[in-house]
Structure formats: structure tokens, C-alpha cells
Peer 1: 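Got a structure for you, written out below as C-alpha cells; questions coming shortly.
Fair warning: this is a prediction, and the values are worked out from it, not measured in the lab.
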Amino acid sequence: MFTRMMTCTLKPEKKEEFLEAARQLPNAYKNQTGFVDLLTLISEEHPNRALVVAVWRTKSDSQEFYKNRAPLLDLKPFLEEETIEHYYLETSKVFEVTSGKAA
């Protein structure tokens, strides 16, 4: 499995709008090829910091979605800054991955 992780700093005045948009994202993602799950986390220590983790079956599923469909789901108006990183999911009890690039 493949993950796309967006770490971001929220505009303080836009936090509630970000959270509302983030709550809508799973519905937009759910019927996409290869989509597994989407997690939005807010930092306990820094309430204007968020981590959005999208889990995909394959890297190509993720790339296809973000290239063609994701611009319609833009969170950038709510953000001061963002960093995007990609990871392979190596282990997970929830997703039943024990090691490697599971699909």
C-alpha cells in the first residue's frame, strides 16, 4: 500500500473551514480506484498543525487521483504552508500488511 502525507499549518482564522472541508473529503475519495482510507489528524501541542494521510492500494492509483481529480478538492485556501511526502505502508494490523509494498 502507498500513502500520501500532507503536513500543514492552518491559517488560524480558517481552521474550522479546513475541518469542515476535511470531513467532506472521505466522500469524495471513497469511489476512487485504489482508495483505502483517509485520516485527518490535528496536533495536540500545535492546534494549527494538521496531518492528512491518504492510503491507496498502489502508487499509480494515488498519482492518477491527485493528477486528475484532486484539484477539485483543494485545501490550500485554508493553509499557510504544506509539505507533501509519500511512503509505502510496511506494517499495519488494520490493513493486514506485515511487510513490503502490499497491495
Side-chain angles (χ1 to χ4, degrees):
M1 286 189 193
F2 188 77
T3 60
R4 179 184 190 266
M5 298 178 65
M6 180 176 75
T7 305
C8 50
T9 302
L10 310 176
K11 294 177 182 176
E13 71 279 5
K14 298 286 187 175
K15 182 178 178 181
E16 290 306 316
E17 291 175 71
F18 167 84
L19 292 171
E20 182 57 35
R23 288 181 195 107
Q24 302 303 316
L25 288 178
N27 290 330
Y29 280 58
K30 71 179 176 183
N31 293 321
Q32 302 304 313
T33 301
F35 174 70
V36 177
D37 199 3
L38 183 74
L39 304 128
T40 301
L41 303 111
I42 301 295
S43 171
E44 179 180 24
E45 293 84 20
H46 307 283
N48 287 332
R49 300 273 303 157
L51 176 63
V52 180
V53 180
V55 181
W56 297 88
R57 295 215 182 278
T58 68
K59 181 179 180 178
S60 62
D61 290 335
S62 173
Q63 289 174 324
E64 179 67 21
F65 176 74
Y66 290 106
K67 180 176 134 185
N68 296 318
R69 296 185 186 14
L72 302 174
L73 309 170
D74 191 12
L75 295 174
K76 288 183 183 181
F78 314 118
L79 309 179
E80 287 184 356
E81 65 178 307
E82 68 177 299
T83 302
I84 296 174
E85 296 181 292
H86 299 96
Y87 295 86
Y88 285 102
L89 182 60
E90 291 293 325
T91 62
S92 170
K93 181 175 171 124
V94 173
F95 299 118
E96 298 182 5
V97 176
T98 55
S99 68
K101 300 175 186 175

Peer 1: Could you state the interatomic distance from OH (Tyr66) to CD (Gln32), rounded to the nearest 0.5 Å?
Peer 2: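 Spacing of OH (Tyr66) from CD (Gln32) equals 10.0 Å.
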
Peer 1: Mind checking the OG-CG spacing from Ser43 to Leu51? Nearest 0.5 Å is all I need.
Peer 2: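 Going from the OG atom of Ser43 to the CG atom of Leu51 covers 10.0 Å.
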
Peer 1: Is there a side-chain contact between Ile84 and Arg4, using heavy atoms and a 4.5 Å cut-off?
Peer 2: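 Side-chain contact under 4.5 Å: yes.
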
Peer 1: Less than 4.5 Å apart, side chain to side chain, heavy atoms only: is that true for Tyr88 and Met1?
Peer 2: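 They are not in contact (no side-chain heavy atoms under 4.5 Å apart), so the answer is no.
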
Peer 1: Could you measure the distance from the CD atom of Glu16 to the CZ atom of Phe78? Nearest 0.5 Å is fine.
Peer 2: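 If I round to the nearest 0.5 Å, the distance is 11.5 Å.
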
Peer 1: For residues Val53 and Leu38, determine if any side-chain heavy atom of one lies less than 4.5 Å from a side-chain heavy atom of the other.
Peer 2: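 They are not in contact (no side-chain heavy atoms under 4.5 Å apart), so the answer is no.
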
Peer 1: Angle class for the Trp56/Tyr29 ring planes (parallel below 30°, perpendicular above 60°, tilted otherwise)?
Peer 2: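 Tilted, since the angle between the ring planes falls between 30° and 60°.
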
Peer 1: How about Thr83 and Met6: do any of their side-chain heavy atoms sit closer than 4.5 Å?
Peer 2: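 No, too far: nothing below the 4.5 Å cut-off.
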
Peer 1: For Arg49 and Thr9, test the side chains for any donor-to-acceptor distance below 3.5 angstrom and give the result as yes or no.
Peer 2: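 Note: Arg49 and Thr9 side chains meet the donor-acceptor criterion.
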
Peer 1: As an exercise, state the distance from NE2 of His86 to OG1 of Thr3, rounded to the nearest 0.5 Å.
Peer 2: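 Output value for this atom pair is 8.5 Å.
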
Peer 1: Below 4.5 Å, heavy atoms only, C-beta onward: do Arg57 and Ser62 meet side chain to side chain?
Peer 2: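 Arg57 does not reach Ser62 side chain to side chain.
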
Peer 1: For the backbone of Asn48 and the side chain of Lys15, can you confirm whether one donor and one acceptor N or O come within less than 3.5 Å of each other?
Peer 2: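 Between the backbone of Asn48 and the side chain of Lys15 there is no qualifying donor-acceptor contact (under 3.5 Å).
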
Peer 1: Do Phe2 and Val55 have side-chain heavy atoms sitting under 4.5 Å apart?
Peer 2: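 Not touching, per the 4.5 Å side-chain cut-off.
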
Peer 1: Are the side chains of Leu19 and Leu10 in touch, meaning some heavy atoms are under 4.5 Å apart?
Peer 2: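 When only atoms from C-beta onward are counted, Leu10 and Leu19 do not touch, as no gap falls below 4.5 Å.
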
Peer 1: Rounded to the nearest 0.5 Å, how far apart are NZ of Lys11 and CD of Glu17?
Peer 2: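 CD of Glu17 is found 9.5 Å from NZ of Lys11.
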
Peer 1: More than 12 non-hydrogen atoms from neighbouring residues, nucleotides or ligands closer than 6.0 Å to NZ on Lys59, yes or no?
Peer 2: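 Open: at most 12 neighbouring heavy atoms sit under 6.0 Å from NZ of Lys59.
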
Peer 1: Calculate, to the nearest 0.5 Å, the distance between atoms CG and CG belonging to Leu25 and Leu39 respectively.
Peer 2: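 Those atoms lie 11.5 Å apart.
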
Peer 1: Between Glu80 and Pro12, which heavy-atom pair has the shortest distance, and what is it?
Peer 2: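 Looking at all heavy atoms of both residues, the closest pair is OE2-CD, 3.3 Å.
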
Peer 1: If you count the non-hydrogen atoms of other residues, nucleotides and ligands that lie under 6.0 Å from CD in Glu44, is the total more than 12?
Peer 2: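 For Glu44, atom CD is not crowded (no more than 12 foreign heavy atoms under 6.0 Å).
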
Peer 1: I want to check something: taking the side chain as every heavy atom from C-beta on, are Phe35 and Asp61 in contact at a cut-off of under 4.5 Å?
Peer 2: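 No - every pair of side-chain heavy atoms lies 4.5 Å or more apart.
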
